[in-house]
Amino acid sequence: MADSSRLNPVSAHDVKKGSVAILKGHPCKIVEVKVSKTGKHGHAKCNITGVSLINGKKYNEVKPGHIQMHQPDIVKAEVTFSHIEDETVHGFDDQMEEVHVNATPEQIEQIEKLEEELADDEEICLVTQDCPTFMDEKESSEIVISEIKKQKAP
């Protein structure tokens, strides 16, 4: 279990549909939870399925209900788009610090299309999620785009 304040312990039995939990190391929005009771002296098993906030893939884990899992604290922020370099989107947060965000090809295409349609008084705003991951007993973090929108420039 990580000692980080960005990952909170939660028992598998307490994970609910619509919440976020770490499955196979990825922060996932939980889409299905099935609880099955086993034999006379067995433990309830939780079959948990979620969709990764990072890559959109489905992940599944089956755990005894009493086992501790990780529930990540997701930090959302708005970033003003600057430019695209390779497959990385660059922008600035509200403190004017540069932010690098990995984007899918579809998101890059959407940003480029919006960029062509921008009026002089508009800018592209990216709503990002800083998602903690937990792979090989090591915590890291990845910033992903959850929403792309046009807005009036200040």
Side-chain angles (χ1 to χ4, degrees), residues 1-81 84-95 97-115 124-151:
M1 184 107 61
D3 294 327
S4 173
S5 62
R6 301 257 337 258
L7 291 175
N8 302 309
V10 61
S11 65
H13 190 73
D14 293 329
V15 174
K16 303 292 181 217
K17 182 178 177 181
S19 65
V20 178
I22 301 288
L23 298 178
K24 307 271 189 212
H26 298 271
C28 295
K29 180 163 182 132
I30 304 304
V31 295
E32 185 176 33
V33 178
K34 294 180 188 172
V35 179
S36 61
K37 308 234 187 234
T38 57
K40 186 175 178 183
H41 298 290
H43 293 284
K45 297 278 193 260
C46 299
N47 186 336
I48 303 167
T49 304
V51 176
S52 172
L53 298 175
I54 295 173
N55 60 25
K57 292 182 182 177
K58 266 191 176 181
Y59 291 95
N60 185 309
E61 285 194 19
V62 178
K63 299 212 177 251
H66 66 280
I67 293 295
Q68 293 290 308
M69 297 179 65
H70 301 293
Q71 198 165 39
D73 285 333
I74 308 281
V75 178
K76 288 188 177 187
E78 289 195 356
V79 174
T80 303
F81 169 74
I84 298 171
E85 189 174 306
D86 299 322
E87 292 192 5
T88 303
V89 176
H90 297 260
F92 294 94
D93 63 14
D94 54 356
Q95 278 98 32
E97 296 286 328
E98 189 168 14
V99 178
H100 306 278
V101 183
N102 291 331
T104 65
E106 295 82 17
Q107 289 172 328
I108 290 174
E109 189 177 306
Q110 183 181 358
I111 291 169
E112 288 172 340
K113 185 178 177 190
L114 276 177
E115 212 175 2
I124 297 173
C125 178
L126 309 172
V127 179
T128 62
Q129 295 180 334
D130 186 352
C131 304
T133 60
F134 193 65
M135 301 273 196
D136 301 322
E137 299 297 316
K138 293 181 184 160
E139 184 184 347
S140 62
S141 185
E142 189 161 339
I143 299 174
V144 296
I145 299 171
S146 62
E147 185 182 352
I148 302 167
K149 59 187 179 181
K150 283 195 294 188
Q151 67 182 20

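Atoms considered below: every heavy atom in the structure, side chains included; atoms not considered: hydrogens, waters and symmetry mates.
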- Query: Any side-chain heavy atom of Cys131 sitting closer than 4.5 Å to one from Ile143?
  - Reply: no
- Do NZ/NE/NH1/NH2 and the carboxylate oxygens of Lys149 and Glu78 come within less than 4.0 Å? yes
- Query: Can you check whether Lys57's main-chain N or O pairs, donor with acceptor, with Asn55's side chain at less than 3.5 Å?
  - Reply: yes
- Could you note down all residue pairs passing salt bridge (Lys or Arg N to Asp or Glu O under 4.0 Å) where residues 97-115 supplies at least one of them, sequence neighbours left out? none
- Side chain Thr128, main chain Ala77, donor-acceptor under 3.5 Å: yes
- Verify, without hydrogens or angle tests, whether Ser146 (side chain) and Val127 (backbone) share a donor-acceptor contact under 3.5 angstrom. yes
- Closest contact, heavy atoms only, Met69 versus Leu23: CE-CD2, 3.6 Å
- Are Lys29 and Leu53 close enough that some pair of their side-chain heavy atoms sits under 4.5 Å apart? yes
- Message: Looking at every non-hydrogen atom in both residues, tell me the closest pair between Ile48 and Ala12 and how far apart they are.
- Response: CD1-O, 4.0 Å
- Do you know which two heavy atoms are closest between Thr133 and Ser141, and how far apart they sit? OG1-N, 4.2 Å
- Indicate the atoms forming the closest heavy-atom contact of Gly65 with Ser11, along with that distance. O-CB, 3.7 Å
- Query: Which atom names give the shortest non-hydrogen contact between Ser19 and Val15, and what distance separates them?
  - Reply: OG-CG1, 4.0 Å
- Task: Describe, in one word, how the ring planes of His66 and His43 are oriented to each other, choosing from parallel (under 30°), tilted (30 to 60°) and perpendicular (over 60°).
- Result: tilted
- Task: Kindly give the heavy-atom pair with the smallest separation between Gln107 and Ile145, and that separation in Å.
- Result: NE2-O, 3.0 Å
- Task: Would you mind reporting whether Val35 and His13 have side-chain heavy atoms less than 4.5 Å apart?
- Result: yes
- Message: Just so I know, are the side chains of Asn60 and Glu32 near enough to count as touching, which here means a heavy-atom distance under 4.5 Å?
- Response: no
